[in-house]
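Below is one structure, written out as structure tokens, with a few remarks after it.
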Amino acid sequence: MKRRALFLAVALILCALVTACAGATGSEKVRIALVLPSTIDDLAWSQSMYEGVLDVQEALGEDRVEFEYSERLGNPVDAGAAIRQYADEGCHLVPAHGSQYQSVLDEIAPDFPETSFAYGTGFQTRENVFAYDPLAQQGAYLQGMMAGMMTESKIIGIVGPVEAGDAIKYNQGFEQGVEAVNPDATLRIAYTGDFGDIAKAGELAKAHMDAGADLLTGTAQQTVGAIRAVAEREGIYWLSNDMDQSSLAPDTVLCSQTYDWQQIVQQMIDYRDEGTLGGEHLTLSLANGTIQMVYNPNLEDEIPQDVKDAVDEAEQKIIDGELEIELPE
């Protein structure tokens with residue numbers, strides 16, 4: 001009897017160790033439900049995150065990551081219903097990909113303490129809510145330098161969505177980059193008032209060009225309309241954000257600031273494996289490699305070498321912490 005009791009005790013200990021190791025290596029299947037404001041093929045904000053989750057699933061395997069999504073939920077009320085349903089169904093991680101979802105998650109998250117939620121861009125967290133935050137001003141500063149050094153008309157245009165969140169950080173960084181290399185340049189900023197108004201973004205881009213702008217930029221999924229408008233004019237270029245948009249206009253998009261969402265999603269999974277369901281503020285930056293500058297190979301020869309050298313030098317200073325892009329409070 002004593003031997004049997006000893007055997008059972010050892011077996012239980014081994015079982016506990018195996019279970020602990022399984023949790024540490026992340027063997028538990030994770031159900032991810034992604035809520036998007038636009039579509040998975042918007043060539044911008046939503047698509048970049050969608051592809052990031054797919055990359056995580058490919059890296060870990062479908063037996064480890066189950067993935068579903070809902071798109072065209074820019075309205076926080078509609079998104080809230082989908083978020084709650086996913087949590088009810090037992091999804092483990094529910095990223096709502098937009099700053100507009102913060103208040104919705106504040107209401108829903110307390111009802112599902114075992115579910116991890118996430119949103120961005122933002123910094124305020126809860127016990128089971130992650131916030132992720134691209135330091136958009138970093139790449140924007142580099143693109144502003146590029147625009148300031150390459151503009152011939154000395155007029156540069158920004159097509160913004162709403163005057164908040166990631167758009168403000170991007171615009172501020174871009175403006176500082178232009179000012180650093182060409183203080184005589186005029187920067188014109190206009191907002192559509194919506195993240196997805198493709199038609200109005202195109203109209204604003206045309207207005208900028210009619211006013212003399214020869215380089216333009218902007219953020220959010222609406223920029224597809226602006227890029228198409230710029231592509232209709234010769235000798236005018238666009239600087240992209242969110243993801244590489246050069247496929248949309250190979251002769252127009254000079255360079256893109258891209259976000260690597262795979263690393264961010266993987267971090268949230270790792271936190272869950274460790275028992276941390278939220279409460280962390282995750283940042284994307286040049287230093288950690290989640291923000292990268294991607295030149296369009298079709299147009300790289302159009303960028304003078306001294307411009308590339310200046311941008312590369314500034315990028316390294318940002319990575320090393322020697323250059324910090326300050327944002328107003």
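Source: prediction; values computed, not measured.
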- prompt: How far does CE of Met293 sit from CE of Met146, to the nearest 0.5 angstrom?
  reply: 6.0 Å

message: Grouping I, L, V, M, F, W and Y whenever their side-chain heavy atoms are under 4.5 Å apart, do Val35 and Ile32 come out in a common cluster?
response: no

- request: Could you tell me whether Asp41 and Arg72 have a side-chain N and a carboxylate O separated by less than 4.0 Å?
  value: no

- line: Taken in chain and number order and not counting sequence neighbours, the residues that satisfy salt bridge (charged side-chain N to carboxylate O under 4.0 Å, His left out) with Glu313 are Lys317

message: So if I apply the side chain to side chain donor-acceptor pair (under 3.5 Å) rule between Tyr170 and each of Thr121, Thr219, Thr217, Asn241, which one comes out positive?
response: Thr217

- request: Please determine if Asp106 and Arg126 form a salt bridge, counting it only when a charged side-chain N lies under 4.0 Å from a carboxylate O.
  value: yes

- prompt: Considering residues at least two apart in sequence or located in another chain, which fulfil the side chain to side chain donor-acceptor pair (under 3.5 Å) criterion with Ser103?
  reply: none

message: Please find the pair of heavy atoms, one from Glu71 and one from Thr39, that lie closest to each other, and give the distance.
response: OE1-CA, 3.2 Å

field: Residues that Ser38 engages under side chain to side chain contact (heavy atoms under 4.5 Å, CB included), provided they are two or more places apart
entry: Asp42, Ser46, Gln221

Ring pair (Phe, Tyr, Trp, His ring centres under 6.0 Å) partners for Phe130, two or more places apart: Tyr271

- request: Answer with yes or no after comparing the ring centroid distance for Tyr50 and Phe67 against a 6.0 Å cut-off, counting only values under it.
  value: yes

Partner residues of Tyr132 under the ring pair (Phe, Tyr, Trp, His ring centres under 6.0 Å) criterion, sequence neighbours left out: His97, Trp261

task: Sequence neighbours left out, what pairs pass salt bridge (charged side-chain N to carboxylate O under 4.0 Å, His left out) with at least one residue falling in residues 130-149?
output: Asp133-Lys169

message: Through direct or indirect side-chain contacts below 4.5 angstrom among Ile, Leu, Val, Met, Phe, Trp and Tyr, which residues connect to Val159?
response: Leu43, Leu204, Met209, Leu216, Val224, Ile227, Val230, Ile236, Trp238, Leu248, Val253

message: Holding to side chain to side chain contact (heavy atoms under 4.5 Å, CB included), I want the full list of residues that pass it with Asp251, two or more places apart in sequence or in another chain.
response: none

- line: side-chain contact (heavy atoms from CB on, under 4.5 Å) with Val56: of Glu51, Met268, Gln262, only one passes, and it is Gln262

message: Applying side chain to side chain contact (heavy atoms under 4.5 Å, CB included), can you list everything that pairs with Glu324, at least two apart in sequence or on another chain?
response: Glu326

- prompt: Ion pair present between Glu28 and Arg272, side-chain N to carboxylate O less than 4.0 angstrom?
  reply: no

task: Before accepting this row, confirm whether a basic side-chain N of the pair Asp111/Arg84 lies closer than 4.0 Å to the acidic partner's carboxylate O.
output: yes

- line: Members sharing Val162's hydrophobic cluster, built from side-chain contacts under 4.5 Å between Ile, Leu, Val, Met, Phe, Trp and Tyr, are Phe195

- prompt: Do Ser153 side-chain atoms and Gly212 backbone N/O form a donor-acceptor pair below 3.5 Å?
  reply: yes

- prompt: By the rule that ILVMFWY residues connect when side-chain heavy atoms come within less than 4.5 angstrom, directly or transitively, which residues belong alongside Leu277?
  reply: none

task: Kindly write out the residues that satisfy side chain to side chain donor-acceptor pair (under 3.5 Å) with Asp306, not counting sequence neighbours, or none if the list is empty.
output: none

task: Examine distances only and state if a side-chain atom of Gln138 and a backbone atom of Leu286 form a donor-acceptor pair shorter than 3.5 Å.
output: yes

